[in-house]
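Please read these numbers as outputs of a predicted model, since none were measured by experiment. Within every chain, numbering begins at 1; the chains are lettered A, B, ... in the order of the sequence lines, protein sequences first and strands thereafter.
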Amino acid sequence: MKISVVKDNLLHAVSALSPIVPTKSTMPVLFNILLEAEPGENGGLRLIATDLDISLSYRIKATVQKIGSTTVSARKLGEILGALPNAPVTLEQVDEKLKIVCEKSSFILPTLPKSDYPLFPDKSFEGAFSIPNATLRKLVSSSSYAAGKDEDRPILKGILWEITHEESSMVCTNGHRLAKMACVEEMKVEAPVSVVVPPKALEMAEKLCSPEGSVEVVIDGHHLGLREGDTVIFSRLIEGTYPNYEQVIPFYNNRIAIIDTAKISEALRRMLILANTVTHRVRLYFSANQVDISVKTEDLGEGEENIEAEYKDEPLEIYFNGSYLVDVLKFMDSEQVKICMQTSESGILIVPAKESERQRYLNVIMPLKVAE
Amino acid sequence: MDRHIVHIDMDAFFVSVERTRDPSLIGKPVVVGAVEGSRGVVTSASYEARRYGIHSAMPVAAARRLCPHAVFVPGSLGVYSRVSRAIRGIFETWSPLVEMTSIDEAYIDLTGFDRCYGPVLGTVDRILRQVRETFGLELSAGVATNRLVAKIASKTAKPSGLLRVLPGCEEAFMATLPLGRVPGVGDSLGARLSGLGLSTVGELQRLDHDLLVRVFGATGEWLYAMARGKGGLRVESERPPAKSVGHSVTFSEDTVDRRFLDGVLYHLAEKVGARVRRKGMVGKTVTLRLRYSDFKTVTRAASAGAGTNCDSEIFEKARALMLPLLERRVRVRLLGVTLSGLRPADGQLGLFTAGSQVRSLRFYRTLDRLREKYGFSSVRKGRAIWLENWRRPSGEARQKAV
């Protein structure tokens with residue numbers, strides 16, 4: 001293999017692949033990325049990374065002098081490229097080494113043969129449907145933050161992606177909070193689809209694909225495939241039954257407060273300074289046309305702030321993990337939010353005060369039960 | 001300014017407390033540990049009993065062979081803790097830096113207090129007298145410029161003594177000590193040292209630093225400093241927060257009775273749960289310790305998700321860990337349950353579990369309140385009550401055997 005490429009293009013590709021390269025593995029070859037110099041008129045360099053759950057293939061333009069393939073440490077290649085000047089780079093396979101030359105610098109890296117590297121999933125995109133990147137981006141970014149991190153419940157680490165003919169929605173929950181974004185979009189699916197996808201796969205797609213285009217999506221029993229041009233991602237689906245989330249969305253909560261999004265968000269951030277660093281506990285007290293946000297933490301201090309709210313019900317005191325509230329408000333793109341409550345021990349529903357025709361966004365947060 | 005670090009050690013603490021509760025025990029050999037005939041270990045022995053070779057951590061049965069006419073007292077940890085806290089209260093009137101390293105040992109930093117109280121030796125004598133007069137308990141103290149020498153001094157001064165090692169005399173004081181008397185030199189290190197022909201600290205002092213480090217690594221550094229009477233200086237008045245809470249029990253008879261083991265396990269889970277709830281914490285890891293009758297000991301741990309302090313959840317996790325271990329078909333001698341990875345309980349309700357969580361929180365709050373008022377055994381789970389019924393006939397059998 002011998003090719004020459006523009007350094008910035010190669011660096012961009014290696015950085016794009018690096019989130020997939022595992023940091024710990026019993027298979028050392030996974031620390032490498034696969035480089036394949038492809039022949040043909042518009043020859044190029046294909047780069048592949050995989051952690052066995054997610055595989056990513058990316059292609060950049062290159063002048064191919066000699067075709068071939070090899071694998072090399074993703075980390076070292078990335079570090080070397082990061083330190084080189086922006087000039088053409090030549091990659092050449094010499095015996096079992098990879099020689100990198102850029103201006104007057106040259107490096108020799110050990111390699112492992114392509115035959116040691118896991119095969120890239122060979123699946124066709126026949127029967128794929130497509131989704132605009134902008135919609136995908138919206139769905140992923142406004143839901144994935146709420147996904148669980150707990151290894152004990154792997155299903156909650158995923159994004160539930162539900163697709164029907166006229167709508168696509170994503171749901172995430174960690175068992176304490178839930179986010180659901182639904183976008184109205186005509187989808188060419190044969191039957192409604194419901195799969196649980198690792199957030200990383202969708203986040204990669206969101207990052208790598210152009211903002212205007214659209215992504216082809218193919219789903220089979222165990223895999224999700226995403227493709228835009230020469231960029232292909234395959235991810236294993238998370239298996240298991242996603243909890244029945246619909247039944248815990250408190251649509252009938254009727255104690256309603258409407259509050260300025262920026263104001264409550266800023267007030268919460270201020271209160272969180274003095275909140276317990278583990279529980280992040282803040283108190284919200286809703287009364288006639290106002291909400292009182294306060295915090296009181298032993299050994300740390302206390303704080304209080306009062307903001308206006310449209311609220312006409314009986315007063316209600318309710319405690320929350322304040323960082324959950326702040327997270328939700330970050331993704332609310334309406335000026336005001338509507339908070340629907342019932343009791344101090346039941347979940348609250350947070351939605352944009354102005355509903356949009358094209359998208360529906362909702363969040364549920366469970367309160368903290370404070371010892372009497 | 002010379003540091004004045006005081007180490008205070010209660011003499012035969014549990015025995016002494018028992019004697020203040022029952023004066024008829026005075027003058028007799030007394031062993032606190034477990035009820036006669038049982039298989040626990042000696043936690044404390046009076047000086048009279050020690051003359052027969054009884055020492056703490058020895059099995060009670062062995063102690064009974066050495067001195068059959070000794071009085072065996074089961075011991076009441078609750079009482080000892082209360083007395084210990086009260087004694088700490090006295091120490092704290094003398095210095096803000098008081099560190100209780102165990103129920104019957106404390107370090108007090110009196111550095112600089114000679115300006116208020118006069119010479120340090122007189123001050124310590126007053127502290128000792130105050131404890132003797134208030135509680136009728138004997139204690140010993142060592143005063144030195146660091147923790148290590150102070151601790152050895154108090155040990156040397158026992159019983160009822162007070163010894164000060166003057167600044168600058170540490171090395172000479174240490175020289176005469178047998179290595180086995182130095183805290184930190186345990187059985188294995190002791191054996192390695194005696195293998196080199198060393199029996200006293202004085203002999204160790206003659207070895208140079210580099211040699212010790214070559215032979216013992218980091219321990220060599222410590223040995224070099226120790227031999228010269230150098231030790232720690234910090235007295236920490238605040239105890240770091242607990243990282244785990246655990247309970248264990250050694251049975252009066254080894255058993256594989258599944259129902260009995262379940263009962264014991266539930267009882268241990270209850271004890272752990274109650275203590276963790278009192279701290280307002282939840283724990284993430286449940287650890288089970290099981291010792292077979294052949295003394296093989298196994299430890300297994302399971303994650304409890306985001307954290308729990310519910311008796312039944314701790315029990316279920318521990319039980320799931322125990323069941324496979326019973327397949328070994330060897331009788332069980334000891335069970336222990338520990339909850340670790342403690343963090344403050346936030347009361348976060350779950351989307352899918354809110355109802356049962358609220359019920360469980362209310363249940364445990366009521367349970368804990370009842371127990372606070374009427375004692376731990378006032379409310380029991382069926383399992384644990386049944387455990388008590390099981391114990392009685394076994395107790396009788398034991399008495400017959402005696």
Novice: Quick one: closest heavy-atom pair of B:F352 and A:Y245, and the distance?
Specialist: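 Distance-wise, the nearest heavy atoms are CE2-CA, 4.0 Å.
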Novice: Kindly give the heavy-atom pair with the smallest separation between A:V248 and B:L351, and that separation in Å.
Specialist: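 Smallest heavy-atom distance, with atoms named: CG1-O, 3.3 Å.
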Novice: Supply the atom-to-atom distance B:L361 CG to A:E345 CD, rounded to the nearest 0.5 angstrom.
Specialist: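 That separation rounds to 8.5 Å.
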Novice: Tell me, out of A:I249, A:I365, A:T279, A:N174, who's got the most heavy-atom pairs with chain B below 4.5 Å.
Specialist: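 Option with the greatest count: A:T279.
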Novice: Would you say NZ of A:K338 has more than 12 non-hydrogen atoms from neighbouring residues, nucleotides or ligands within 6.0 angstrom?
Specialist: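 Open.
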Novice: May I ask you to check whether over 12 heavy atoms, not counting those of B:R343, lie within 6.0 Å of atom CZ?
Specialist: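 More than 12 within 6.0 Å, yes.
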Novice: Who in residues 316-328 of chain A is close to chain B, using a strict under-4.5 Å heavy-atom cut-off?
Specialist: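 Within residues 316-328 of chain A, near chain B: A:N321, A:Y324.
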Novice: In Å, rounded to the nearest 0.5 Å, how long is the span from OG1 of B:T353 to NE2 of A:H176?
Specialist: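 If I round to the nearest 0.5 Å, the distance is 7.0 Å.
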Novice: Report which part of B:L349 has an atom under 4.5 Å of a heavy atom belonging to chain A: side chain, backbone, both, or neither.
Specialist: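 Answer is both: backbone and side chain atoms of B:L349 are under 4.5 Å from chain A.
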Novice: Please report the closest heavy-atom contact between B:G350 and A:M366, naming both atoms and the distance.
Specialist: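 Closest approach of B:G350 to A:M366: O-CE, 3.5 Å.
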Novice: Can you tell me how far the CZ atom of B:R362 sits from the NZ atom of A:K369, to the nearest 0.5 Å?
Specialist: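 Here the interatomic distance stands at 5.0 Å.
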Novice: Answer yes or no: does atom CD of B:E92 have more than 12 heavy-atom neighbours from other residues, nucleotides or ligands under 6.0 Å?
Specialist: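 Yes.
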